[in-house]
Amino acid sequence: MAELVEFLAKSLVDHPDQVDVRAVEGNEGITIELRVASDDMGKVIGKQGRIARAIRTVVKAAAVRENKKVAVEIV
Amino acid sequence: MKSVITTGKTVEDAVLAAAIQLAVQRDKLDIEVLEEPVKGLFGVFGSKDARIRASVIRTPKDIAREFLTELLAKMSLEAELDIKETEDRISIYVTGPKMGVLIGHRGETLDAVQYLTSLVVNRNTDQYKRVTIDTENYRKKREETLVKLAKRLSHKVQKTKRKIVLEPMNPFERRVIHSTLQKDPYVSTHSEGEDPYRKVVITLK
């Protein structure tokens with residue numbers, strides 16, 4: 001799932017080399033932490049969080065297939 | 001992006017070498033000259049070859065195909081893509097098993113995938129291409145459902161003389177409702193709220 005987030009982020013930003021993705025397992029499921037260069041933040045969040053929402057929707061769809069609960073956080 | 005670094009006595013030689021290596025026509029290459037050639041003394045001593053980086057220019061269609069192929073693979077979805085490109089539009093039709101996953105609840109996932117693909121395709125270009133993705137004829141069927149819904153609700157508003165607020169819809173879906181009831185003599189429509197919760201409201205005229 002982290003791989004999916006990394007791929008999406010790298011496809012959208014100007015500095016793919018500065019994309020950092022970490023998966024943290026918790027009681028509630030997996031949290032995927034996404035970090036990008038500060039001037040790329042807008043590229044993964046979008047106006048009113050539209051891009052972030054689309055990323056989460058896609059990840060959620062993929063996670064359901066694997067019966068996992070996944071949250072994506074942009075930090 | 002597929003690219004190679006080549007050398008040659010002249011830039012032109014290096015470009016030709018790159019075209020052969022990448023097996024494409026030379027006008028499909030984007031060339032960056034890394035080092036200009038230097039003619040040495042008597043053309044021998046101290047001469048240096050030209051060095052270039054040649055990258056295959058990708059069309060919006062190539063970019064869409066590469067992005068979606070990898071995205072669907074990472075979602076563990078087997079799929080085949082049929083992509084059509086016109087001057088201002090890219091239409092993608094996806095076929096495969098388990099397309100229900102790609103569509104998602106009320107087309108939510110399909111819209112997200114379409115939006116992300118559109119962002120990737122229109123990155124670094126000045127010519128905007130509208131990207132649409134469909135599978136299992138979902139968009140057409142959804143449109144038919146919405147047309148029926150709009151007509152049914154129009155009758156309900158006429159009968160009860162009370163307005164009806166629909167559930168949140170994306171711009172495409174709202175447009176279907178508006179245009180279906182545009183010429184309706186008894187009701188009018190407008191939208192309220194902010195995306196993604198913007199809703200169509202049907203009121204009595």
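By convention in this document, chain letters (A, B, ...) are assigned in the order of the sequence lines, proteins followed by strands, and residues within each chain are numbered from 1. This structure is a prediction, so every number in the text was calculated from the model and none was measured.
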Does atom [atom1] ([X]) have a neighbourhood of more than 12 heavy atoms from anything else shown, all under 6.0 Å?
| X | atom1 | answer |
| --- | --- | --- |
| B:Arg65 | CZ | yes |
| B:Arg142 | CZ | yes |
| B:Arg198 | CZ | yes |
| A:Glu3 | CD | no |
| B:Lys205 | NZ | yes |
| A:Lys10 | NZ | yes |
| B:Glu12 | CD | yes |
| B:Tyr186 | OH | no |

Shortest non-hydrogen contact from A:Asp14 toward B:Arg123: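 Shortest heavy-atom contact: OD1-NH1, 3.4 Å.
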Atom of B:Ala112, atom of A:Ala54 and distance for their closest heavy-atom approach: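 Closest heavy-atom pair between B:Ala112 and A:Ala54: CB-O, 3.7 Å.
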A:Leu8 CG to B:Leu116 CG distance, which is reported to the nearest 0.5 Å: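 Those atoms lie 6.0 Å apart.
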Rounded at 0.5 Å granularity, tell me how far OH in B:Tyr115 sits from CD1 in A:Ile55.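 Atom-to-atom, B:Tyr115:OH and A:Ile55:CD1 are 9.5 Å apart.
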Could you tell me which portion of A:Arg56 (side chain, backbone, both or neither) has an atom closer than 4.5 angstrom to a non-hydrogen atom of chain B?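 Contact with chain B involves no heavy atom of A:Arg56 at all.
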Structural part of A:Val13 lying under 4.5 Å from a heavy atom of chain B: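 Contact with chain B is through the backbone of A:Val13 alone.
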Beyond-backbone contact of [X] with [Y], side-chain heavy atoms, under 4.5 angstrom:
| X | Y | result |
| --- | --- | --- |
| A:Val64 | B:Val101 | no |
| A:Lys60 | B:His105 | no |
| A:Thr57 | B:Val113 | no |

Among A:Ser11, A:Ala62, A:Ala63, which residue forms the greatest number of heavy-atom pairs with chain B at distances under 4.5 Å?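 Counting heavy-atom pairs under 4.5 Å, the top option is A:Ser11.
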Quick check for you: among B:Val120, B:Leu71, B:Leu77, which has the greatest number of heavy-atom pairs under 4.5 Å with chain A?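 Option with the greatest count: B:Leu71.
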Winner by heavy-atom pair count (cut-off under 4.5 Å) against chain A, out of B:Lys98, B:Gln114, B:Glu194: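 The answer is B:Lys98.
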Does any heavy atom of chain A fall under 4.5 Å from the side chain of B:Leu102, the backbone, both, or neither of them?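 Neither the backbone nor the side chain of B:Leu102 comes within 4.5 Å of chain A.
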